[in-house]
Amino acid sequence: MSNPYLDNNNQIITGNVTLSGTNYGNVYVKSGATLTIGNGEMYMKSLTMAKGSTLNFNEDCNLKIRAKMNIGPLCNVNVEGGPSVVVYVGDTMLLMLPVVRDQSFGWIFMHRKASK
């Protein structure tokens, strides 16, 4: 099986952007920017959300992150409610509180330390 995490498809989100592909490298959402995930299954090498950024999902999603996921303070996650999301993180997950989210949004995080 080929590597679904594309190291050369890095994304820096500076405005209102929807990612609808499947495979991404390092994804960085700058402060004040909004990233919408528009695919039911997505692979990323890493996801970093700066303070005050927003992450939305258009549909039920399995988000698989190979390395690290960092969600900064005062980030918004599916603030209008939304679909079920399962996030798999292979290495390090950092969630800075408070995170603003709609009460109907279900969080499921799966963390597995990657073998060296």
Side-chain angles (χ1 to χ4, degrees):
M1 179 179 186
S2 64
N3 179 7
Y5 306 94
L6 295 179
D7 294 332
N8 61 349
N9 194 8
N10 298 325
Q11 303 288 318
I12 298 175
I13 310 301
T14 59
N16 188 356
V17 175
T18 298
L19 295 180
S20 56
T22 304
N23 304 319
Y24 295 93
N26 298 308
V27 177
Y28 180 78
V29 185
K30 288 195 166 193
S31 183
T34 298
L35 170 61
T36 300
I37 303 294
N39 195 331
E41 184 165 90
M42 186 170 290
Y43 297 87
M44 295 179 184
K45 182 177 181 182
S46 69
L47 173 63
T48 302
M49 296 181 59
K51 180 179 179 179
S53 59
T54 300
L55 176 63
N56 289 317
F57 293 86
N58 280 345
E59 59 186 271
D60 291 352
C61 181
N62 288 317
L63 178 59
K64 299 176 182 180
I65 300 172
R66 180 177 72 189
K68 298 177 180 181
M69 180 179 97
N70 296 318
I71 298 180
L74 302 175
C75 289
N76 299 296
V77 180
N78 260 21
V79 293
E80 297 165 358
S84 297
V85 176
V86 178
V87 180
Y88 301 88
V89 181
D91 194 359
T92 303
M93 180 175 67
L94 177 62
L95 181 61
M96 302 290 290
L97 298 176
V99 172
V100 179
R101 68 175 181 84
D102 186 276
Q103 294 302 317
S104 64
F105 177 70
W107 290 87
I108 300 176
F109 289 106
M110 306 290 282
H111 179 268
R112 180 183 65 83
K113 184 71 174 172
S115 59
K116 303 275 181 192

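- The two residues G21 and M42 have their closest heavy-atom pair at O-CE, 3.3 Å.
- Note: L35 CG to N16 CG = 9.0 Å, rounded to the nearest 0.5 Å.
- Cluster membership for V29 and V17, using ILVMFWY side-chain heavy atoms within less than 4.5 angstrom, is shared.
- Here the side chain of N39 pairs a donor or acceptor atom with the backbone of S20 at under 3.5 angstrom.
- Atom CZ in R66 sits 9.0 Å away from atom OG in S46 (nearest 0.5 Å).
- The heavy-atom pair separating K30 from T14 by the smallest distance is CD-CG2, 3.8 Å.
- S31 and A50 make their closest contact through N-CB, 3.4 Å (heavy atoms, listed as atom of the first residue, atom of the second, distance).
- Taking all atoms of both residues into account, the shortest heavy-atom contact from T22 to E41 is CG2-O, 3.8 Å.
- For the pair E59 (side chain) and G40 (backbone), a donor-acceptor distance under 3.5 Å is present.
- Distance check, rounded to the nearest 0.5 Å: CG of N56 to CG of N76 gives 8.0 Å.
- Without hydrogens or angle criteria, N23 side chain to Y43 main chain gives no donor-acceptor distance under 3.5 Å.
- Within the 4.5 Å cutoff, side-chain heavy atoms of I65 are placed close to those of V87.
- Results of the side-chain contact (heavy atoms from CB on, under 4.5 Å) test with L55 over T34, T36, V85, I37 single out I37 as the only residue that passes.
- How far NZ of K45 is from NZ of K68: 10.0 Å, rounded to the nearest 0.5 Å.
- Atom CD1 of I12 and atom OG1 of T48 lie 10.5 Å apart (nearest 0.5 Å).
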